Amino acid sequence: MNAVTYPEAGATRLRPLPDGYNHLHHRNRIGRGRADLEAAGAAITGWRMHRTSGARLVAAADRAEAGVTLTVSLGLGPFRFTAPCRVVWTAYEPDRVGFAYGTAPGHPECGEESFVAELADDGTVWFTITAFSRPVAWYARLAGPLVPVLQRWYARRLGATLRRIVARSRP
């Protein structure tokens with residue numbers, strides 16, 4: 001699992017998102033101030049946000065770094081789908097923390113998804129998910145228009161999960 005399965009690696013950071021994919025942009029207000037940014041950044045890059053949301057995540061490192069491989073699985077019982085990924089970029093900046101992973105061989109989709117917390121000038125902490133993807137596996141193609149609906153649902157779930165994690169981190 002050394003490579004991603006699409007040629008536009010890094011596009012969620014560089015923008016614009018490439019044509020020929022479904023695009024997702026989801027933004028949530030999750031807190032206020034530097035402490036909330038730090039709590040959000042740690043939860044995002046340390047995989048806690050994903051795991052707390054109900055995803056199973058197995059990573060080759062304790063936190064997101066470019067090149068780290070991971071698998072994310074979602075679903076229930078026999079309806080669990082495993083998605084191999086590779087971290088393609090990270091942001092550990094004073095006012096911006098997050099990462100993006102890209103699809104690796106065996107993933108049911110092809111594309112990239114980023115998860116970033118940012119501290120705005122007014123002190124608000126925002127969580128943004130940006131993604132582009134298209135189905136590869138037969139079952140993802142068969143699901144057709146349902147896939148973007150599920151992706152939006154999962155983005156909302158991650159945002160709500162991160163907001164709770166940040167709120168619980170306050171003294």
Side-chain angles (χ1 to χ4, degrees), residues 1-31 36-55 57-74 81 83-105 107-120 124-136 140 147-163 165-166:
M1 191 166 69
N2 293 332
V4 293
T5 58
Y6 59 100
E8 304 92 349
T12 56
R13 173 180 249 174
L14 304 173
R15 303 218 174 87
L17 298 181
D19 293 331
Y21 296 87
N22 296 313
H23 294 172
L24 172 71
H25 183 80
H26 184 77
R27 190 171 187 228
N28 288 79
R29 189 175 91 90
I30 56 161
D36 284 357
L37 173 69
E38 291 171 3
I44 293 167
T45 61
W47 321 119
R48 182 176 174 202
M49 174 188 69
H50 281 83
R51 288 179 174 137
T52 303
S53 75
L57 188 145
V58 177
D62 292 336
R63 79 179 206 156
E65 294 293 346
V68 168
T69 57
L70 61 144
T71 58
V72 181
S73 62
L74 297 167
F81 300 101
C85 302
R86 182 172 191 247
V87 176
V88 293
W89 62 262
T90 59
Y92 291 100
E93 302 165 9
D95 295 333
R96 185 171 185 260
V97 181
F99 74 96
Y101 54 50
T103 58
H107 196 293
E109 297 252 316
C110 167
E112 185 172 296
E113 190 166 16
S114 67
F115 311 91
V116 177
E118 294 181 88
L119 181 62
T124 304
V125 178
W126 293 95
F127 172 58
T128 304
I129 297 175
T130 304
F132 61 93
S133 64
R134 63 178 172 235
V136 174
V147 173
V149 171
L150 292 173
Q151 288 172 327
R152 286 191 299 275
W153 171 83
Y154 188 59
R156 286 190 303 274
R157 182 175 178 86
L158 288 176
T161 298
L162 188 58
R163 189 172 32 255
I165 289 170
V166 167

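Note that the structure is a prediction, hence the values are computed from the model and not measured. Numbers here simply count residues along the sequence, with the first being 1.
Checked against the 6.0 Å centroid criterion, the rings of Trp47 and Phe115 do not qualify as a close aromatic pair.
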For the pair His107 and Tyr101, evaluate side-chain contact (heavy atoms from CB on, under 4.5 Å) and give the outcome as yes or no after the intermediate values.
CA-CA 12 Å; His107 196 293; Tyr101 54 50; 5.8 Å; no
Evaluate side-chain contact (heavy atoms from CB on, under 4.5 Å) for Val87 paired with Leu70, printing each intermediate quantity in order.
CA-CA 8 Å; Val87 176; Leu70 61 144; 3.8 Å; yes
Please evaluate residues Val116 and Arg96 with respect to the criterion side-chain contact (heavy atoms from CB on, under 4.5 Å), reporting the C-alpha separation (whole Å), side-chain torsions for both, the decisive distance (0.1 Å), and the verdict.
CA-CA 7 Å; Val116 177; Arg96 185 171 185 260; 3.6 Å; yes
Kindly determine whether Thr128 and His25 satisfy side-chain contact (heavy atoms from CB on, under 4.5 Å), including the steps that lead there.
CA-CA 7 Å; Thr128 304; His25 183 80; 3.4 Å; yes
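Using a 3.5 Å distance cut-off with no hydrogens or angles, the side chains of Thr5 and Thr103 do pair a donor with an acceptor. Neither side chain, Ser114 nor Trp89, offers a donor N or O lying under 3.5 Å from an acceptor on the other.
The closest donor-acceptor contact from the side chain of Arg29 to the backbone of Thr124 lies at 3.5 Å or more, if one exists at all. Between the side chain of Arg27 and the main chain of Trp126, no donor-acceptor pair closer than 3.5 Å is present. A side-chain donor-acceptor contact under 3.5 Å links Arg51 to the backbone of Leu57. With hydrogens and angles ignored, the 3.5 Å screen pairs a side-chain donor or acceptor of Glu112 with a backbone N or O of Gly10.
Of all the heavy atoms in Pro105 and Pro84, the pair that sits closest is O-CG, 3.4 Å. Closest approach of Asn22 to Pro148, counting heavy atoms only: ND2-CG, 4.0 Å. Taking all atoms of both residues into account, the shortest heavy-atom contact from Val72 to Ala55 is CG1-CB, 4.0 Å. Of all heavy-atom pairs spanning Gly159 and Ile30, the tightest one is O-CG2, 4.0 Å. Annotation for Leu37 and Val125: closest pair N-CG2, 3.8 Å, computed over non-hydrogen atoms. Nearest heavy atom pair, residue Leu24 against residue Ala155, reads CD2-CB, 4.2 Å.
Atoms CG and CD1, from Leu162 and Ile129 in turn, are 9.0 Å apart once rounded to the nearest 0.5 Å. To the nearest 0.5 Å, atoms CZ (Arg63) and OG1 (Thr90) are separated by 7.5 Å. Arg13 contributes atom CZ, which lies 12.0 Å from atom OG1 of Thr130 (distance to the nearest 0.5 angstrom). Put simply, CG on Asp19 and CD on Glu8 are 9.5 Å apart, with the number rounded to the nearest 0.5 Å.
When side chains are defined from C-beta on, Trp153 does not count as touching Val149, because their heavy atoms never get closer than 4.5 Å. Between Arg152 and His26 there is no side-chain heavy-atom pair separated by less than 4.5 Å. A heavy-atom distance below 4.5 Å is found between the side chains of Val88 and Tyr6. Contact check for Phe127 versus Leu158: side-chain heavy atoms found under the 4.5 Å cut-off. Put simply, the side chain of Tyr92 reaches to within 4.5 Å of the side chain of Thr45, judged on heavy atoms. Annotation: side chain of Thr52 is in contact with side chain of Ile165 (closest heavy-atom distance under 4.5 Å).
Ring orientation note: the planes of Tyr21 and Phe132 are nearly perpendicular, at an angle over 60° on the 30°/60° scale.
A side-chain hydrogen bond (donor to acceptor under 3.5 Å, both in side chains) with Ser133 is found for exactly one of Glu109, Glu113, His23, namely Glu109.
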